[in-house]
Structures are given as structure tokens and as C-alpha cells.
Amino acid sequence: MEVIIKPDPHSASKEAARIFESQIERKPNSVLGLATGSTPVALYKELAALTAANLLDFSLVTTFNLDEYVGLGPDHSQSYAYFMRENLFKFIKIPAVNTHIPNGMAKDISKHCEEYEASIRRAGGIDLQLLGIGADGHIGFNEPTSSLASRTRLKTLTARTIADNARFFGSEAEVPRHVITMGVGTILEARHCLVLATGAGKAKAVAAMVEGPVTANCPATALQMHPRCTLIIDEAAATELQRVEYYRWVYDNKPAWQRAKGMMSLD
Ligand code: PGA
């Protein structure tokens, strides 16, 4: 796993935007896996600004989001469909038909999950998957003890995640208990995983993900098995890492040709 430590959330988001830019430059019809939550908002602003400046073109891009709340339709202000429209899609001129988000109102959830997996396969698989990490180590909404081989399915949120996400709703009582999420196995099939995490609240989960043993108790640790995973964090999220000086050394000694293109050591 490549660990990139930036001084603050702003520079971390800029670094992530460079990776998106380089991906779309190399493959204009890239398939992108997208995430929601507080962390990617600044990255999405960067992508919107790059599009406005005609430096980025999403017209051939296809996207698949990680997850959605069960019971919230696309017009509910806390649905992830709404979030994506308001924070990214309306700024990047991507054809709506190219964007995919699990349908929280699906009548037959199991069937819908199978179809979601099939549409990822039909699109040729995900080239670059953006991920956040929960304070409890979840990726997507794969809560602790999720199977590390899991596929897109219904999950029940933990009390911790419900409390963490209550800030977006009026109260904890209003946070849906169930979600549809890509599985850990689905995520691991992306060709490149990019995890973005900022703030002291993520420091413990980040350390477990990078340096802890691989365990379903912290689903993000499954990314240690991924051949090409990049983690971008700010200083606050780096405080619990044991090998922090080594990660800085690797980054500082990155070959110039990789740095210039926003490329990772495995490119
Ligand atoms: P956050 O969520 O960006 O709102 O902290 C991350 C996550 O739960 O995956």
C-alpha cells in the first residue's frame, strides 16, 4: 500500500484529484467507483473546478457509487443519489445514464444487488475506486465482521456509524438502519483503490488499515491484499502510524516521472 501524507485536508484532496486527472487522461472512458461522506467533498470541488477550466472531461466516464441508504429515494436530501448530484454530477457534465448508484427503494434488494454487480462487470470493471474509511474501519458500508469476500448486498449499520452519520440527519433516530453496499470482494476487484482519510478521528482506523493484521473486524485491512492501493491522509490522520517516517521517505524518493504525472509507484 502506498501511503501519502499531506499537511492538511486541502492538499490531500488536491493529490487525490491529480490521481483522478491522470486516470481520465490515460483512459477517457474510465470506470470510476465513487464515495460519499464529508471527506470527498473537497475532492469533488477540485474535479468540478478542473472541469470548469476544461482540464477534465467526464463525457465518456462511467461511475458506480459504493452505497446507498435503504428507504431513501434520489430526491431525499440525505440520499447518496442526491449527494452525488449536488456535490459532483451537476458540475461535471457527465451523462446521467453513465452514473450508477444502488437504488435504496428497490423492491427486490437481492435481485437489485445482483444486477448492480452485473452492470459493473458489463462496464468492464472499475478502474479507480475512491474510498473513505469509517472510524470503525468500514469501507463502503462494510461494517466490522463483514465477509472480506462479500459482494453487493444489504447491510445493517452499527450503532457507531449511525451516531457518526446522525450529523447529516436531524437525529440518530432518523438515520436508516439498512444500506445497500458494494462488498469488500467487489471493492478488491477494482484495478486501483484510492483511500482518502483526514482528521484525528480517523487516525486509529488508518493505523489498523495499514499496519494492523488483516481481519474482518476492520474491513479496511482487506486492502492490504490489494495489489494497487493508495492511501492519502493528512497529518492528523497519520498520528497513530508506526512507520510514518518510512512512508514520507518513500514519497520523497518517488521517481520524478511518477510524481509529475500524479502516478503511483506501481504505475
Ligand atoms: P466521512 O465518511 O467521509 O463522512 O468521514 C467516511 C466513511 O464512512 O466511509
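Just so it is clear, the structure is predicted and the values come from calculations on it, not from any experiment. Every heavy atom of this structure was used, including side-chain atoms; hydrogens, water molecules and symmetry mates were not. For ligands, and for the atoms within them, numbers begin at 1 and follow the listed sequence.
Ligand 1 is surrounded by Gly37, Ser38, Thr39, Gly132, Ile133, Gly134, His138, Arg167, Lys202, each with at least one heavy atom closer than 4.0 Å.
A salt bridge links Arg151 with Glu189: the distance from a Lys NZ or Arg NE/NH1/NH2 to an Asp or Glu carboxylate oxygen falls below 4.0 Å.
Here Phe168 and Tyr69 keep their ring centres 6.0 angstrom or further from each other.
Pairs passing the salt bridge (Lys or Arg N to Asp or Glu O under 4.0 Å) check and including a residue from residues 46-55, sequence neighbours excluded, read Lys14-Glu46. Counting only residues at least two apart or in different chains, salt bridge (Lys or Arg N to Asp or Glu O under 4.0 Å) contacts with residues 66-76 comprise Asp75-Arg85.
By the 4.5 Å heavy-atom criterion applied to side chains, Ile180 and Tyr116 are not counted as neighbours.
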Atom pairs and distances, side-chain donor-acceptor, residues 202-213, under 3.5 Å, sequence neighbours left out:
| unit_1 | atom_1 | unit_2 | atom_2 | d |
| --- | --- | --- | --- | --- |
| Lys202 | NZ | Ile133 | O | 3.1 |
| Glu211 | OE1 | Gln242 | N | 2.7 |
| Glu211 | OE2 | Gln242 | N | 3.2 |
| Glu211 | OE2 | Arg243 | N | 2.9 |
| Glu211 | OE2 | Tyr247 | OH | 2.6 |

